[in-house]
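First the structure, in the form of C-alpha cells, and then the observations on it.
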Amino acid sequence: MKYGIYYSYWEKEWSADCLRYVEKVAKLGFDVLEIAAHHVNGYEPRHLDEIHRCAKDNGLILTAGLGPSKDRYLSSPDATVRAAGRKFFEETLTNIAKLDVHVIGGGLYSYWPLDYSEPVDKEGDRARAVEGITGIADFAANLGIDLCLEVLNRFENHILNTAEEGVAFVRDVGKPNVKVMLDTFHMNIEEDSFGGAIRAAGPLLGHFHTGECNRRVPGKGRIPWREVGEALREIGYEGAVVMEPFVKMGGQIGSDIRVWRDLSNNADEAQMDRDAKDALIFSRYMLEG
Ligand SMILES: O=C(CO)[C@@H](O)[C@H](O)[C@H](O)CO
Ligand SMILES: [Mn+2]
C-alpha cells in the first residue's frame with residue numbers, strides 16, 4: 001500500500017496551489033499527495049508542467065479528489081447541467097492526466113455537498129448517475145485514469161452511503177476503471193462493520209481515505225485501525241491510503257466540511273507537519289500488520 005495525504009489538511013480553499021505541498025509532503029515521508037481537481041482547469045499549462053516535474057523529482061505519486069459543483073455534474077435532472085458536467089469532466093481528466101494522475105476519487109457521480117433543502121429522488125439520481133459515469137468511463141480509461149466513487153455519509157450524499165451500495169453501483173456500470181472508494185470517516189457513520197465493508201468492496205476497492213471519527217489525523221481517535229488494516233491486507237489492497245484530516249476552521253473547505261471549532265489544538269504549521277508525520281508513521285504501523 002502507498003500512503004498519502006490530501007493537501008486540504010493545510011488549506012482553507014480547494015483552489016489553493018498544490019505546488020508548495022509537493023516537496024513538503026515528500027519530505028514528511030509520504031508516497032502520495034492528493035490534490036483537489038476542482039480548479040486544475042484554471043492552471044496555466046506551464047504551471048501543470050512545473051507541478052508534474054516537481055512531483056517526479058520528489059518521487060511523489062499524485063492522486064486527485066473532487067466534489068463536483070451543483071452547476072455542472074453528471075447526474076443532474078437538467079440536461080444543460082449534465083452537459084456542463086461532461087465538459088468539465090473531460091477538461092479536468094485531460095488536465096490531471098498531464099500531472100500523471102491515475103486515480104480520481106470523490107462523489108463523482110453527483111454533486112457535493114448535497115443540498116437537502118430540495119426533494120430527494122434517490123432512484124432517479126442513481127439511474128442518471130450510472131448513465132453519467134458509464135458515459136465518461138472510457139474517456140477516463142483512454143487517459144489511464146480510474147474513477148473511484150466515494151461512498152459518503154447520509155449528510156453529504158444520498159446515492160452511495162454504504163460499501164454494498166457502492167459495489168452494486170460499480171457492477172451496474174461494469175467498466176474496469178470504475179471502482180469503489182471508501183473513507184473511514186464516512187464508514188464510521190454508516191457501516192455495521194469496518195472490516196465487513198472493506199471485504200464487501202474487495203477487488204473493486206480502488207481508493208481509500210482515512211481520518212478519525214471527527215476528521216482528526218489517524219492515531220488521535222477511536223477508528224479500529226487494526227481491523228481496517230487486517231481487512232485491507234485480506235483483500236490484497238495495493239492502492240493508495242490517503243489521509244484526509246480536516247482540523248482548521250474557515251474558507252470554503254471549513255464550510256463544506258462543517259468545521260466549527262479548532263481540532264488542531266491551535267497548531268501552527270510546524271506542529272501540523274509533525275502531526276501529519278506522526279499520523280503517517282502510525283498508519284504504516286497499524287495497517288501493515
Ligand atoms: O470525504 C470527503 C468529503 O467528506 C472528500 O473525499 C470529498 O468528497 C473530496 O475530497 C472533495 O474534494
Ligand atoms: Mn473522503
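Order of listing sets the numbers, starting from 1, for every ligand and every atom in it. The model shown is predicted, which means the values in this text are computed figures rather than measured ones.
- With sequence neighbours left out, T184 forms a side-chain hydrogen bond (donor to acceptor under 3.5 Å, both in side chains) with no residue at all.
- For ligand 1, the 4.0 Å heavy-atom shell contains residues Y6, W14, H38, G65, L66, G67, W112, E150, E156, D183, H186, H209, R215, E244.
- Of the candidates F88, W112, F89, Y111, Y111 is the only one forming a ring pair (Phe, Tyr, Trp, His ring centres under 6.0 Å) with Y73.
- Residues E150 and E156 are not in side-chain contact: their nearest non-hydrogen atoms beyond the backbone lie 4.5 Å or more apart.
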Please output the side-chain donor-acceptor pairs of residues 170-183 that fall under 3.5 Å, not counting sequence neighbours, one pair per line with the distance.
residue : atom : partner : partner atom : Å
D172    : OD2  : R126    : NH1          : 3.0
D172    : OD2  : R126    : NH2          : 3.0
K175    : NZ   : D138    : OD1          : 3.3
K175    : NZ   : D138    : OD2          : 3.3
N177    : ND2  : A137    : O            : 2.9
N177    : ND2  : I145    : O            : 3.1
K179    : NZ   : D146    : OD2          : 2.8
D183    : OD1  : F185    : N            : 2.8
D183    : OD2  : R215    : NH2          : 3.4

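- The residues E90 and R86 are annotated as salt-bridged, a charged nitrogen and a carboxylate oxygen being separated by less than 4.0 angstrom.
- In this structure, H52 and D100 have side chains that are in contact, with non-hydrogen atoms separated by less than 4.5 Å.
- For the pair R199 and Y237, the cation does not sit on the ring face, since its NZ or CZ is not both under 6.0 Å from the ring centre and inside 45° of the axis.
- Annotation: protein N, O or S atoms under 2.8 Å of the Mn ion (ligand 2) (waters excluded) comprise E150 OE2, D183 OD2, H209 ND1, E244 OE1.
- Enclosure of atom CZ in R154 is not indicated, since only 12 or fewer non-hydrogen atoms of other residues, nucleotides or ligands lie within 6.0 angstrom.
- Looking only at side-chain heavy atoms (C-beta outward), N188 and F194 come within less than 4.5 Å of each other.
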